[in-house]
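Read the structure below first, then the notes.
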Amino acid sequence: MGGQLRLNLCSSSSVATSPSTFHNGTTYFCRKFNILPFRTNSLNWVPGIYSRIQPRKHFEIMSSNGFPRNAVSLQDGEKNVLFNEQVPLTELGNAENTVSITVIGASGDLAKKKIFPALFALFYEDCLPENFIVFGYSRTKMSDEELRIMISRTLTCRVDQRENCEDKMDHFLERCFYHSGQYNSEDDFAELDYKLKEKEDCRVSNRLFYLSIPPNIFVDVVRCASLKASSTSGWTRVIVEKPFGRDLESSSELTRCLKKYLTEEQIFRIDHYLGKELVENLSVLRFSNLVFEPLWSRDYIRNVQFIFSEDFGTEGRGGYFDNYGIIRDIMQNHLLQILALFAMETPVSMDAEDIRNEKVKVLRSMRPLQLEDVVLGQYKGHNKGSKLYPAYTDDPTVPNGSITPTFSAAALFIDNARWDGVPFLMKAGKALHTKRAEIRVQFRHVPGNLYKRNFGTDLDKATNELVLRLQPDEAIYLKINNKVPGLGMRLDRSDLNLLYKAKYRGEIPDAYERLLLDAIEGERRLFIRSDELDAAWSLFTPLLKELEEKKIAPELYPYGSRGPVGAHYLAAKHNVRWGDLSGDD
Ligand SMILES: NC(=O)C1=CN([C@@H]2O[C@H](COP(=O)(O)OP(=O)(O)OC[C@H]3O[C@@H](n4cnc5c(N)ncnc54)[C@H](OP(=O)(O)O)[C@@H]3O)[C@@H](O)[C@H]2O)C=CC1
Ligand SMILES: O=C1O[C@H](COP(=O)(O)O)[C@@H](O)[C@H](O)[C@H]1O
């Protein structure tokens, strides 16, 4: 069917005579691709917009590893699943290309909240290739127009760039289409393929599928998409959302099943924390400033803390959450990924494989978590003023008597020369008193400090602390001891503070923008490789099994509080104080 279809579609539109359009007058000019604009007939383009045609501006966009982006990485040598053949580079390099992004699960929460808005933001910033289309796919019956209305409700304009935003939205929405189908129906995916081909209009097609669906249908979708809707001329890539399994076995099984249809290079396992601006900056901070890297070891660092807290509960996602719990939801992926970047050795280069090799090494040097180094909590209902905050178990989608943790604190250790004996503490919780995510690095005491007596008895309070606040209000600050100006010799704690909103103009892109763009570009550095995933699960699986077997009950903490007191005991056991609770933030 596919071959026949392709012939028909191509013969119907063999001559391109329609006028071209450019986003804001700009077009990607890539070294490998000369991406040309869509033809009008493929998009039902509204009359009038051609009046804004301007000459191409030639420029190169940098990928997130700092190298110039190529709109698509043709050197991938990805295997085409259907035909199992390498895409000939020369042929592709000179052809007209399209990028088609299909959001599977388009009717869902993540698609509406993050994926479509991120795609629009990329379009708005002229970061999408000239020839792109977006398809929504899910079971819900919707027309193209209804999808556009749904998407338009969630699109926002950058605060600093409102001009032309409405126009841009219209132009973006014109490129959005919808196909309703079942997730396990090859026929439905063949129909999607037909519609994609129609819009791709005989150009070399590059296809990105974003699996924004529950994990139990990942494999069905990958099977149908790869058999019936993968590209026959360009690349096919699949972004897979978490959860990647529940433990080492189920994760390995998922990888094994996905690899029946996809190569590792085609699988982009997303961890959106890796796309956050401050996480991106971690390596820059470490490796491009002489003052940090020499201190980055057990010789100078007393402990490191990775803290995630949300000031709301599992509202609306209790059904999903109860099957996973906070350790799988936040620690095993987001916090561990940041830890790996923080603690890895200097990579050979900023190339994806070099970085991921170092991350795997550090993960494999870690000790699997021990029960005695873990604290669990679950939020309970709380009355504040006239407002009643519900308990986790009040959520109708959560089974009665659930002991799933909504909070956890843990101490981890890296048994290598750099980090031997340094506690790496993680803390993650929902329904706490604040929303924040940060990395805190507490340095050792100054030996033989001349100013000891000025610090009083609590010497820990006088140690330097470097804080990377990932959100909200992105910042990097270093707590130092400073002389209070005046004739006396009084010291205080001050911050050398880089607050992003004070220093940099413009909104910080959402993590999904960076990651989607990287997937389109074939940049894998911020995606999780299968051996990284195995190493991550190996650390947590024995503990998770033990917790489930022993049915360890979490300590209850009130909604909106600072979490269970057990977290303090755990820290104290390792001679640590939580930096976020020290009161001198
Ligand atoms: N929401 C979030 O903030 C985050 C979500 N994720 C992950 O992203 C993925 C998508 O999340 P989210 O959008 O919240 O998920 P949803 O529960 O909203 O599901 C997305 C879509 O999948 C379809 N769907 C839902 N349940 C089933 C089912 N049991 N069988 C078949 N189809 C189903 C529905 O579409 P239809 O009925 O129209 O087919 C739904 O609109 C999940 O893997 C989630 O773990 C990751 C990080 C954050
Ligand atoms: O992956 C997840 O992340 C969100 C928090 O993401 P953020 O970017 O808003 O910090 C969390 O709420 C959710 O439980 C988890 O699945």
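Heads up: numbering here begins at 1 and tracks the sequence. The structure displayed is predicted, hence computed values, not measured ones. Order of appearance sets the numbers: ligands from 1, and atoms from 1 within every ligand.
For Phe135, the ring pair (Phe, Tyr, Trp, His ring centres under 6.0 Å) criterion is met by Phe177, not counting sequence neighbours.
Looking at atom 47 (C) of ligand 1, its nearest protein heavy atom turns out to be Glu241 OE1, 4.0 Å. Protein heavy atom closest to atom 45 (O) of ligand 1, with residue, atom name and distance, is Lys242 O, 3.1 Å. Nearest to atom 19 (O) of ligand 1 among the protein's heavy atoms is Pro214 CD, 4.0 Å. Regarding atom 3 (O) of ligand 1, its nearest protein heavy-atom neighbour is Lys113 NZ, 2.9 Å. When hydrogens are left out, the protein atom nearest atom 13 (O) of ligand 1 is Leu110 N, 2.8 Å; that is the closest non-hydrogen contact. For atom 43 (O) of ligand 1, the closest non-hydrogen atom of the protein is Ile213 O, 2.8 Å. Among all non-hydrogen protein atoms, the one lying nearest atom 34 (C) of ligand 1 is Ser107 OG, 3.9 Å. Here the protein heavy atom with the shortest distance to atom 20 (C) of ligand 1 is Ser212 O, 3.4 Å.
With respect to Gln332, the side-chain contact (heavy atoms from CB on, under 4.5 Å) criterion is satisfied by exactly one of Tyr324, Trp537, Phe244: Trp537.
If you look at Arg139 next to ligand 1, the close heavy atoms, those under 4.0 Å, come from the backbone and the side chain alike. No part of Asn216 comes within 4.0 Å of ligand 1, judged by heavy-atom distances.
Checked by distance only, ligand 1 and His272 stay at 3.5 Å or farther apart across all their nitrogen or oxygen atoms. Ligand 1 has an N or O atom lying under 3.5 Å from an N or O atom of Tyr183, backbone or side chain. When only interatomic distances are considered, the shortest N/O to N/O separation between Phe218 and ligand 1 does not fall below 3.5 Å.
Side-chain atoms of Ser226 come within 3.5 Å of backbone atoms of Val222 as a donor-acceptor pair (strictly under, hydrogens ignored). Side chain of Arg237 to backbone of Ala519: a donor-acceptor contact under 3.5 angstrom is found.
Using 4.0 Å as the threshold, Arg317 has a heavy atom nearer than that to some atom of ligand 1. The shortest heavy-atom distance from Tyr273 to ligand 2 is under 4.0 Å.
Among Asp109, Val103, Asp329, the residue whose heavy atom sits closest to atom 14 (O) of ligand 1 is Asp109.
Note that atom 17 (O) of ligand 1 has no protein non-hydrogen atoms nearby, at separations under 4.0 angstrom. The protein reaches atom 39 (O) of ligand 1 closely, with a heavy atom under 4.0 angstrom from it.
Side-chain contact check for Ser205 and Ser231: at least one donor-acceptor pair (N or O, by modelled atom type) lies under 3.5 Å.
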Show your working on ring pair (Phe, Tyr, Trp, His ring centres under 6.0 Å) between Tyr559 and His382 and close with a plain yes or no. CA-CA 6 Å; Tyr559 194 122; His382 180 55; 8.1 Å; no
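Of the charged side-chain nitrogens involved, at least one lies within less than 4.0 Å of a carboxylate oxygen, so that Lys197 and Asp193 count as a salt-bridged pair.
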